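Working notes for the structure below.
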Amino acid sequence: MSRQRRAALVGNPNSGKSALFNALTGARQKIANYPGVTVERKAGRLILPSGAPVELIDLPGSYSFDAASPDEEVTRKVIHGEFPGEVQPEVLVLVLDAANLEQHLVFAQEVIALGRPTVVALNMLDLAERDGLTLDPAALEKALGVAVIPTVAVRRRGLTELSEAIEQAEARVIDASPATPARATTLPERRQTARKVAKAAIVGESAGHRIHAQVDRVLLHPWIGPVILFAILFVMFQAVFAWATPFADGLEAAVTAISDWVIATFPGGFLRDLVTQGVLAGVGSVVVFLPQIVILFAFILVMEASGYMARAAFIMDRMMAGVGLSGKSFIPLLSSFACAIPGIMATRSIADPKDRLTTILIAPLMTCSARLPVYALIIAAVIPQTTVGAGIGLQGLVLFALYVAGIVGAMAAALLLRRTVTQGAASGFIMEMPRYQMPRLRDLAIGLWQRAWIFLRRAGTIIFAATIALWVLLSFPQAEPGESQIDASFAGMVADGVHTVVEPIGFNREMALALVPAMAAREVAVSSLATTYAVDSESEEQTALALEHEVAARWSLPTALAFLAWFVFAPQCLSTIAVARRETNGWKWPAFMVGYLFVLAYVFAGLTYWIAVALGL
Ligand SMILES: Nc1nc2c(ncn2[C@@H]2O[C@H](COP(=O)(O)OP(=O)(O)OP(=O)(O)O)[C@@H](O)[C@H]2O)c(=O)[nH]1
Ligand SMILES: [Mg+2]
């Protein structure tokens, strides 16, 4: 049996490699309209027209084989067969952005000069047309000496032809002249050739891209730009509360109804309590935040697909430079709004090791979506659902302030780190601005579905497991008559221990207890509170009150605010620590990260509590 053949997608960032990969293999790799989305190699299966399978490899975008950033290093190693545990791919599929031909031809020459079987996917032809460019693929083919296939990855155009060309690529090279030695040319020479080749391939050009420059003049304006960015984020957080409420209420009512039904239908006892107090109260209390998560990601996905995200990075660059970072750090930090794990991974596109390390260390300060249930719960419980004039909701405003607090905290931390442990000069910002695109509904729907699925899967696995474990610890040993169940339980003992540490900053015992399983995932803080209050509830025959009402009734305002402040900084997520270890090759930096974040969390929660008490809140 012949061994599986391999083909790798190479090319500049944002040329549509992952979009082609998804279209050819049916995978669902993340695609977004800014450079540096893919930072790892990913493999999938492509069936060629002859029926033979090929392993297709999606790679991070690269500007040159000399490049220094860790993601570009992955590309270089895979292409040169130096990637651990991986055989060199036989065929290279060079993806070029037809609307940016000249720039993309610079790296293309390096790839073609390797002398390996190569096929060019002349992608984004639709955008080239929109920009008023008419291209001649045959002329390009002649100039480059390899097959050129016009494609539009997102409309699945040219895929069959591309598969055929991949199939024939190896045969084609056999009768070609001996390969030119790799990188025989210098960068200025390659630039010059790129200009010449692009000129030959572009047969017509009309002034089509004027409007985009005009839009950028507004969106990137030194002071209008930041105002617009701020306004968009503001609306986003208002929407998270305003639009989600009816859906969240519906979900909450459904969970209560199921719980009531279970109580009415089944006899009381261990199993019924496990279902109502553990599964329904605990896991249910997290699931009700699904609408908020979906709304948050709808905004983020639209910003990513339209090309606005790269503009946001540009706008933020000035602010980032002030704290010794570049706008390059902005995109990893923004990814951390979803979760710090992809955020920390995305730092691979930062070439400067100290910039990168600083970004890794501050990534957990960005408000990940796992904190959203915690914030949303406490806000709904203690912040009145009023407006502060002009129809601006107070709850959304507080949520916005919490996100801002995370960002300000991250900037302050970066400033300190850059002056101390990660000293060095800030590197300049170089990122090309992607062209604006209308987000495609299908891509948005897939993206939202993926996010919703990640959230629900967490609820069904890690949150479920942590909640059940907590319920068991809360339920045993059983209390004597007259004694509170929590006091008697194993969990109560743990809670007492943690409570002594966090009592000075205003935390009650249930909060102390919730902090422990929240190490696994931050949302577990919510499910833990729900389960604790359900176990603690007086009435056996009734579903506990919605968690938000329990919190409103039991917590003082300073205590609730202190808990919010804690979660702005709290580093207690094990997977983030694990990925920081992997990306920094050791325990030193993750240990440092956990240490400084705990100190910040403790100090700021304390300050919040003491100030709130002093103000008589
Ligand atoms: N109009 C149009 N858009 C495309 C086409 N191919 C990809 N895109 C869009 O271009 C953007 C970049 O696509 P990706 O597939 O993420 O690009 P990539 O080359 O993998 O980028 P990196 O991973 O950053 O190197 C996304 O917004 C895609 O939806 C195309 O043929 N036409
Ligand atoms: Mg990609």
Side-chain angles (χ1 to χ4, degrees), residues 8-25 27-44 56-64 67 69-76 78 93-101 103-104 107-108 111 120-131 133 135 149-159 161-162 208-209 212 300-311 313 328 331-332 335 342 345-350 431-447:
L9 291 154
V10 266
N12 283 42
N14 213 40
S15 56
K17 296 176 296 301
S18 301
L20 269 175
F21 178 78
N22 288 351
L24 289 169
T25 65
R28 296 213 167 145
Q29 280 305 307
K30 183 176 168 87
I31 59 170
N33 194 10
Y34 57 81
V37 178
T38 309
V39 292
E40 276 186 299
R41 71 169 275 289
K42 280 276 149 58
L56 190 65
I57 304 162
D58 185 23
L59 290 172
S62 193
Y63 293 100
S64 155
S69 66
D71 60 341
E72 289 173 301
E73 205 173 298
V74 171
T75 300
R76 183 180 59 218
V78 170
V93 182
L94 176 60
V95 185
L96 304 181
D97 173 358
N100 249 325
L101 199 52
Q103 287 92 316
H104 285 216
F107 178 48
V111 176
V120 167
L122 186 60
N123 195 36
M124 308 225 185
L125 265 186
D126 55 332
L127 287 188
E129 276 164 29
R130 187 190 73 181
D131 288 353
L133 297 173
L135 284 113
I149 313 295
T151 60
V152 181
V154 290
R155 303 236 165 78
R156 310 185 61 85
R157 259 192 251 154
L159 298 185
E161 294 83 347
L162 187 61
H209 30 231
H212 293 262
I300 293 182
L301 288 172
V302 168
M303 288 198 274
E304 285 187 345
S306 61
Y308 183 71
M309 211 53 123
R311 271 79 188 178
K328 271 244 161 190
I331 286 190
S335 311
M345 299 276 297
T347 63
R348 290 184 180 185
S349 61
I350 303 172
M431 179 149 103
E432 35 172 348
M433 292 293 122
R435 269 138 322 138
Y436 289 109
Q437 288 225 47
M438 202 60 189
R440 272 167 301 274
L441 226 52
R442 194 187 123 84
D443 289 349
L444 285 184
I446 291 175

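Treat the numbers as computed from the prediction; the structure is a model and nothing was measured. Whatever order the structure lists them in is the order used to number ligands and atoms, beginning at 1.
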Given Arg155 and Asp126, is the salt bridge (Lys or Arg N to Asp or Glu O under 4.0 Å) satisfied, shown in steps? CA-CA 9 Å; Arg155 303 236 165 78; Asp126 55 332; 3.3 Å; yes

Tell me whether ligand 1 is touched by Tyr34 - counting only heavy atoms on the residue side and a distance under 4.0 Å.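 The answer is yes: ligand 1 sits under 4.0 Å from a heavy atom of Tyr34.
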
Touching ligand 1 at all, Arg440? Heavy atoms, strictly under 4.0 Å?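 It does; at least one heavy atom falls under 4.0 Å.
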
Where does [X] meet ligand 1, judged by heavy-atom distances below 4.0 Å: at the side chain, the backbone, both, or neither?
X: Ile31; answer: both
X: Glu304; answer: neither
X: Asp126; answer: side chain
X: Ala32; answer: backbone
X: Pro35; answer: backbone

Note the single closest protein heavy atom to [atom], along with its residue, its atom name and the distance in Å.
atom: atom 9 (C) of ligand 1; value: Gln437 NE2, 3.5 Å
atom: atom 6 (N) of ligand 1; value: Asn123 ND2, 3.1 Å
atom: atom 19 (O) of ligand 1; value: Lys17 NZ, 2.7 Å
atom: atom 22 (P) of ligand 1; value: Asn14 N, 3.6 Å
atom: atom 17 (O) of ligand 1; value: Gly16 N, 3.1 Å
atom: atom 10 (O) of ligand 1; value: Met124 CE, 3.3 Å

So, do Asp443 and Ile31 sit near enough that their side-chain heavy atoms are less than 4.5 Å apart?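 They are in side-chain contact.
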
With the side chain counted from C-beta on, respond yes when Leu101 and Leu135 share a heavy-atom pair under 4.5 Å apart, and no when they do not.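 Counting from C-beta outward, Leu101 and Leu135 do come under 4.5 Å.
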
Compare Pro439, Ala305, Gly36, Ala19 and give the one whose heavy atom is closest to atom 7 (C) of ligand 1.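 The option holding the nearest heavy atom is Ala19.
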
Any salt bridge linking Glu73 with Arg348? Criterion: basic side-chain nitrogen under 4.0 Å from a carboxylate oxygen.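 Here Glu73 does not pair with Arg348 in a salt bridge, since their nearest N and O are not under 4.0 Å apart.
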
Do Asp97 and Arg435 meet the salt-bridge criterion of a basic N to acidic O distance under 4.0 Å?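 Salt bridge between Arg435 and Asp97, a charged N being under 4.0 Å from a carboxylate O: yes.
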
With a cut-off of 2.8 Å, does any N, O or S atom of Ser18 fall short of it relative to the Mg ion (ligand 2)?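 For Ser18, the answer is yes, given that an N, O or S atom comes within less than 2.8 Å of the Mg ion (ligand 2).
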
Between Asn14 and the Mg ion (ligand 2), is there a contact where an N/O/S atom of the residue lies under 2.8 Å from the metal?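 No - counting backbone and side chain alike, Asn14 has no N, O or S atom under 2.8 Å.
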
Indicate whether the side chain of Thr75 and that of Glu72 have a donor and an acceptor atom separated by less than 3.5 Å.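 Distance-only check fails for Thr75 and Glu72.
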
